[in-house]
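Hydrogens, waters and symmetry mates are skipped; everything else that's a heavy atom, side chains included, is used.
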Amino acid sequence: MDTEVAHLKSLLKNRVFSLTKQRKIRLLIRHYHSTLIVLLDHAIGTGKHPVFIREDLKALHEQTISCMDELLSFIETRFAAYLGMDERVPATYLAVAREELAQKLEKVRKQLVPSMGEKYVLDTVLLCLEAFVSEQPEEEQAVTFRDVLYHRELLKNLEQLEESDRVSSRYTLLEEMLIGMNFNHRNFIVSFTQKTADRVNMQEELKEKIHLLTLYQKELKQLIAEPDKCYQPDYPELNTTLDNWFSQELFYMEKKLHLEIVPIGTEKEGADERKNTYKLLCTLSEDQLGILLKAADDLKIVISRSLSNIFNQIVPYLSTPYREDLSPDSMRSHTYSIEERDKQIVIETLQKMIEKIREY
């Protein structure tokens with residue numbers, strides 16, 4: 001059986017590499033995947049026959065089920081892009097996947113010995129895995145192939161955690177792994193931000209706190225999340241949530257430091273009026289604000305004699321968590337080469353505004 005499984009894996013890889021059109025590859029992968037699920041359903045049904053009371057036949061049947069599950073895992077891991085990952089998982093396949101995960105989860109629980117600082121985070125992850133492998137008939141309809149694959153990879157990464165290489169000098173291996181997998185569970189976010197805030201608050205000087213927060217945020221940006229990975233697809237991405245938290249904390253501390261250096265009411269009289277004007281804080285970046293203003297001009301939502309005039313009239317009264325004084329010319333020039341990521345963030349922000357307006 002092991003030889004046959006290895007042969008089938010090799011055969012599938014060779015057939016995929018021999019095809020040049022994405023449509024044909026997608027059809028091939030989905031054909032193998034759906035056929036294996038049908039065979040798995042058939043094998044599970046056959047296993048209920050009284051003959052499988054015999055220990056040798058029972059062991060053979062379990063090995064057959066295990067081989068089919070291994071092939072399914074291989075396809076879902078290597079060729080996930082060609083599958084309908086948001087389709088509902090068949091009940092029999094889900095039962096096999098849960099049994100496999102439950103066995104591995106028990107081994108991982110005995111294997112991992114977290115430090116005191118990691119215990120709460122690890123407990124959160126293990127509880128999520130336990131909830132997934134438990135029987136939940138009322139939620140069967142909601143489980144997709146993407147859910148199964150995510151929990152399978154999460155457990156695999158926990159198994160290999162001690163063998164991984166750290167990228168950051170300030171985050172633990174467990175934190176790095178969860179950030180990379182976009183584990184956007186609320187308990188993890190609360191635990192992470194509280195732990196980081198406690199470490200920062202140990203610094204006596206405000207400048208030291210700002211410096212440490214900046215280092216944390218810098219290293220967060222260097223931890224690249226895997227594409228299309230998400231624990232809760234309906235929630236914001238973990239990197240975005242944590243980055244926003246860092247930005248808000250830094251903005252608050254920098255304002256506090258500014259007030260310590262220049263108390264309210266002590267600014268020099270006669271300074272430029274715009275510099276003393278209260279600025280509106282926007283959580284979007286400078287480039288993202290530029291996209292919004294350009295779109296408003298193109299659609300004639302804001303009417304002016306030129307795009308430059310719109311930027312000159314509006315931008316001086318705006319600030320971001322990263323910059324207090326924005327340059328109208330710089331913002332306008334960035335609209336000539338718009339980054340795809342900035343465009344996507346603006347679209348998501350507008351979609352959220354639409355949903356909010358519908359609630360009014």
Side-chain angles (χ1 to χ4, degrees), residues 5-6 8-13 15-17 19 21-45 47 62 64-105 108 125-160 177-178 180-185 225-238:
V5 167
L8 287 170
K9 287 180 180 179
S10 177
L11 174 68
L12 183 57
K13 285 190 287 186
R15 290 200 63 184
V16 168
F17 292 139
L19 298 173
K21 294 186 177 180
Q22 295 293 313
R23 185 180 63 82
K24 289 185 177 181
I25 296 175
R26 185 179 298 107
L27 288 173
L28 176 72
I29 293 300
R30 292 192 175 189
H31 172 71
Y32 269 88
H33 192 256
S34 59
T35 303
L36 275 168
I37 289 176
V38 171
L39 286 172
L40 182 64
D41 287 348
H42 182 68
I44 291 173
E62 290 176 352
T64 304
I65 298 293
S66 176
C67 287
M68 290 183 184
D69 185 50
E70 183 181 346
L71 285 170
L72 281 165
S73 299
F74 169 75
I75 292 175
E76 290 162 5
T77 303
R78 293 289 297 271
F79 306 105
Y82 301 104
L83 294 172
M85 297 304 292
D86 294 316
E87 295 177 7
R88 184 181 66 84
V89 177
T92 49
Y93 172 53
L94 180 58
V96 172
R98 279 178 166 162
E99 184 177 351
E100 172 209 347
L101 290 173
Q103 293 173 359
K104 290 183 178 180
L105 179 59
V108 168
V125 178
L126 294 178
L127 283 172
C128 290
L129 285 165
E130 283 178 2
F132 183 77
V133 301
S134 301
E135 291 294 335
Q136 301 163 321
E138 70 281 1
E139 296 181 11
E140 295 288 314
Q141 298 294 325
V143 179
T144 65
F145 287 106
R146 191 183 303 279
D147 295 327
V148 174
L149 181 61
Y150 183 90
H151 286 84
R152 185 174 276 150
E153 290 194 19
L154 180 60
L155 194 50
K156 179 182 176 182
N157 287 340
L158 283 176
E159 286 181 299
Q160 301 172 348
M177 185 268 284
L178 294 176
M181 289 200 67
N182 194 8
F183 185 72
N184 55 346
H185 192 284
E226 298 179 48
D228 299 324
K229 292 284 189 302
C230 190
Y231 177 70
Q232 294 177 308
D234 297 332
Y235 283 54
E237 290 186 358
L238 179 62

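Screening R30, R152, R146 for a salt bridge (charged side-chain N to carboxylate O under 4.0 Å, His left out) with E76, the sole residue that qualifies is R152.
Here the shortest heavy-atom pairing between I65 and A43 reads CD1-CB, 3.6 Å. In plain terms, the two heavy atoms of N157 and M181 that are nearest each other are ND2-SD, 3.0 Å. Of all non-hydrogen atoms in A102 and V133, the two that sit nearest each other are N-CG1, 4.0 Å. The two residues F132 and R98 have their closest heavy-atom pair at O-NE, 2.7 Å. Minimum interatomic distance between L105 and L155 (heavy atoms only, all atoms of both residues): N-CD2, 3.8 Å. Residues F183 and C128 approach most closely at CZ-SG, 3.9 Å, considering heavy atoms.
Here the CE atom belonging to M68 is positioned 10.5 Å from the CG atom belonging to L8, to the nearest 0.5 angstrom. Taken to the nearest 0.5 Å, the CZ atom of R23 stands 11.0 Å off from the CD1 atom of I25. For the atom pair L28 CG and K21 NZ, the distance stands at 15.0 Å (nearest 0.5 Å). Taking CD from E70 and CD1 from I75, the interatomic distance works out to 11.5 Å, rounded to the nearest 0.5 Å. Expressed to the nearest 0.5 Å, how far CG of L71 lies from CD1 of I37 amounts to 12.0 Å. For the atom pair C67 SG and L36 CG, the distance stands at 11.0 Å (nearest 0.5 Å).
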Take E153 and K229 through the test side-chain contact (heavy atoms from CB on, under 4.5 Å) and record every step on the way to the result. CA-CA 10 Å; E153 290 194 19; K229 292 284 189 302; 2.8 Å; yes
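Between the side chain of N182 and the main chain of E237, no donor-acceptor pair closer than 3.5 Å is present. A donor-acceptor pair under 3.5 Å is formed between the side chain of H151 and the backbone N or O of D147. Side-chain atoms of N184 come within 3.5 Å of backbone N or O of P236 as a donor-acceptor pair.
Y82 and F79 have tilted rings, their planes meeting at an angle from 30° to 60° on a 0 to 90° scale. Aromatic ring pairs are classed by plane angle as parallel below 30°, tilted from 30° to 60° and perpendicular above 60°; the pair H185 and Y231 is tilted.
Using a 4.5 Å cut-off on side-chain heavy atoms (C-beta onward), F74 and L12 make contact. By the 4.5 Å heavy-atom criterion applied to side chains, V125 and L129 are counted as neighbours. Residues L178 and L154 have side chains in contact (heavy-atom distance under 4.5 Å, counting atoms from C-beta outward).
Neither side chain, D69 nor S66, offers a donor N or O lying under 3.5 Å from an acceptor on the other.
The environment of NZ in K156 is sparse: at most 12 heavy-atom neighbours from other residues, nucleotides or ligands sit within 6.0 Å. Counting non-hydrogen atoms of neighbouring residues, nucleotides and ligands closer than 6.0 angstrom, the CD atom of E99 reaches no more than 12 such neighbours.
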